[in-house]
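Note that the coordinates shown come from a computational prediction; the quantities given were computed from them, not determined experimentally. Proteins get letters first, then strands, A, B, ... in listed order; numbering begins at 1 in each.
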Amino acid sequence: MNFWLLLVIKVVVILGVVLPAALVVIYIELKVPARMQSRIGPYFAGGKYGWAQPLADGLKFLQKEDLVPDAADSSVYKLAPYVVLMGTVGTFVIIPFGPDLVARDLDLGIFYLLAISSLSTLGVLMAGWSSGNKYSLIGGLRAAAQLIAYELPLVLAVVGVAIQAQTLSLNGIVDAQASWEWFGSSPEWLNIVPPYLILQIVGFVIFATASLAELSRIPFDMPIAESELTMGYLTEYSGLRFTMFFLGEYAGMVSLAAVASTLFLGGYWLPWVGDDVLNVLGPGVLLTKVLLLSFIFIWLRWTFPRLREDQLQTMAWKWLIPASLANILATGLLKVVF
Amino acid sequence: MVAVTAGDWFSTPENYVFLAIALPLVFAGWRVVTSSNVVHAVLYLVGALGGSAALFLLLGAEFVAWAVVLVYIGAVVVLFLFGIMITRAPIGVEVELSHPLRVRISAALVSGALFVLIAIAALTAFGSESIPEAEVTRTADIGQSIFERFVIPFEVVSVVLLAALVGGIVIARRDPSPEEIAAGKETL
């Protein structure tokens, strides 16, 4: 097929998956905490269960005026949301929804993913600086400090998986989890196929914690701590550009959950079926895992209080990074020994 | 080794892609040194680095391209911005960055001389040699060559970097005076 036509189709399909998934996660974010707090939550929009609330919110934001403050550096201010969104949507290029359902199965898969998602940090700093507002600047700085600190354990946690799977390609990692190997030997007497959730449990915990921090969600929401910074780097944004940040945040949650599902939970794979069936059922399997992880993220948000800035940095540098280094060492040793 | 004629140049689609990357890249590089706002200069630097990453992609060096994005844009530039913003970063034109004419002329001379030097070196080394059809380098091959053939240089470089890191801390850290230690203020 024509290269450009294929490209357009892939972009449309990716957006067609990412945006609805983000809307569903926003709906969960409205409904689940309501349940946890003995409220009803949205119930009016759409007729039943308030299912259309995220759409209604989106339409409301689109109608609002897109303000640029007088003190702002307008070109940087206007560009920032696109940079953040680019870093988030770019990750979906390599997430496999089935053996053949992947926009591009890059040979250096995870490496690309870490590179493209580091662009979001840049966008956040741009937004914080260009708003011309002290709350925004402090929020942007806190966000950058946090993203730098938690990028490291995120990367190091992934290294354990890469060593175990002996590949960086995400399709390869799913295949490795579907095969009968643990650390090179094949324990046939066990007769189960464990996803890396079990073999790389330390890595998974570190990855999930660092993901929460990358998303700036409670308990890691110092950058947008409402009670002291209004809304951090988002303070001055309104209308369409605010919507982009907002969607970007939830799309980011979907993308990190999808990456975690692929790396640690077996991705699209199902036992006892062939590739043809997997191409049909795969997206459903992966999205189920994504929603499950999103639910856990939301659950944590409404369970833990916010960490103080120094506690947050201590956790990254003194606990998560040494733990992930130890994890790499242990994985490497086991891989060599068996 | 056939000399490239103009007709060949226009019939190769890669050359158009190269132009589409290289022209914005040159513009971004120009703006890095001419911007009168230090944050804008850093953001143009992002553009320049992104362009060089795109050139590496064009050459089939995927790993190097994404390493540029991860290390330079994702870490170095972010630390630049972080450092600028935590000290001072006014919005608008900065007077300190507007240099007098003689400084500009000497800077232009130096960079022009550097350009000529590198251009001569590149032309003498490669001349009209054309690059064979670029194939995407496999990441596994890169890993193999680093950890087998070049393992000793690799380790040496990592030790040098570690030494630089320790040196940086030693230089930046102010040791407390004996009085401060006596007063119990030995922490920074």
Colleague: Side chain from CB out, backbone as N, CA, C, O: work out which of these in A/L168 comes under 4.5 Å of a heavy atom of chain B, or both, or neither.
Modeller: side chain
Colleague: With a sphere of 6.0 Å drawn around CZ of B/F80, does it hold more than 12 non-hydrogen atoms of other residues, nucleotides or ligands?
Modeller: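 No, because the 6.0 Å sphere around CZ of B/F80 holds 12 heavy atoms or fewer from other groups.
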Colleague: For B/V46, is it the side chain, the backbone, both, or neither that has a heavy atom closer than 4.5 Å to a heavy atom of chain A?
Modeller: side chain
Colleague: Should the heavy atoms of other residues, nucleotides or ligands under 6.0 Å from OH of A/Y135 be counted, would the total exceed 12?
Modeller: no
Colleague: When the ring planes of B/H40 and A/W129 are compared, do they come out parallel, tilted or perpendicular, using 30° and 60° as the limits?
Modeller: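 The arrangement is perpendicular - the two ring planes meet at more than 60°.
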Colleague: Looking at CG of B/L43 and CG of A/L122, how far apart are the two atoms once the value is rounded to the nearest 0.5 Å?
Modeller: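 If we round to the nearest 0.5 Å, B/L43:CG and A/L122:CG are 6.5 Å apart.
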Colleague: For B/V42, is it the side chain, the backbone, both or neither that has a heavy atom under 4.5 Å from a heavy atom of chain A?
Modeller: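 Neither part.
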Colleague: Relative to chain B, which segment of A/L114 carries a heavy atom at a distance below 4.5 Å: side chain, backbone, both, or neither?
Modeller: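 For A/L114, heavy atoms of backbone and side chain both lie under 4.5 Å from chain B.
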Colleague: Side chain from CB out, backbone as N, CA, C, O: work out which of these in B/L79 comes under 4.5 Å of a heavy atom of chain A, or both, or neither.
Modeller: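 Looking at B/L79, just its side chain touches chain A.
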Colleague: Please report the shortest heavy-atom distance between A/S118 and B/G74, naming the atom on each side.
Modeller: OG-CA, 3.5 Å
Colleague: Are A/Y112 and B/W66 an aromatic pair by the rule of ring centers under 6.0 Å?
Modeller: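 Yes; B/W66 has its ring centre under 6.0 Å from that of A/Y112.
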Colleague: Which region of A/L108, side chain (C-beta onward) or backbone (N, CA, C, O), has a non-hydrogen atom less than 4.5 Å from a non-hydrogen atom of chain B, or is it both or neither?
Modeller: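 Backbone plus side chain of A/L108, per the 4.5 Å heavy-atom cut-off to chain B.
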Colleague: Side chain, backbone, both or neither: which part of B/A65 has an atom under 4.5 Å from a heavy atom of chain A?
Modeller: neither
Colleague: For residues B/V78 and A/L125, determine if any side-chain heavy atom of one lies less than 4.5 Å from a side-chain heavy atom of the other.
Modeller: yes
Colleague: Taking everything shown except A/F245 itself, do over 12 heavy atoms lie less than 6.0 Å from its CZ?
Modeller: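 Counting neighbours around CZ of A/F245, more than 12 heavy atoms of other residues, nucleotides or ligands fall under 6.0 Å, so yes.
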Colleague: Any chance CG of A/D70 has more than 12 other-residue heavy atoms, nucleotides or ligands included, within less than 6.0 Å?
Modeller: no
Colleague: I need the minimum non-hydrogen distance between A/E151 and B/L70, along with the two atoms involved.
Modeller: OE2-CD1, 4.4 Å
Colleague: For B/I152, look at atom CD1 and say whether over 12 heavy atoms of other residues, nucleotides or ligands are found less than 6.0 Å away.
Modeller: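 No, because the 6.0 Å sphere around CD1 of B/I152 holds 12 heavy atoms or fewer from other groups.
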Colleague: Would you say that A/I116 contacts B/V69 through its side chain, given a criterion of any heavy-atom pair below 4.5 Å between the two side chains?
Modeller: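 Of all side-chain heavy-atom pairs linking B/V69 with A/I116, none is under 4.5 Å.
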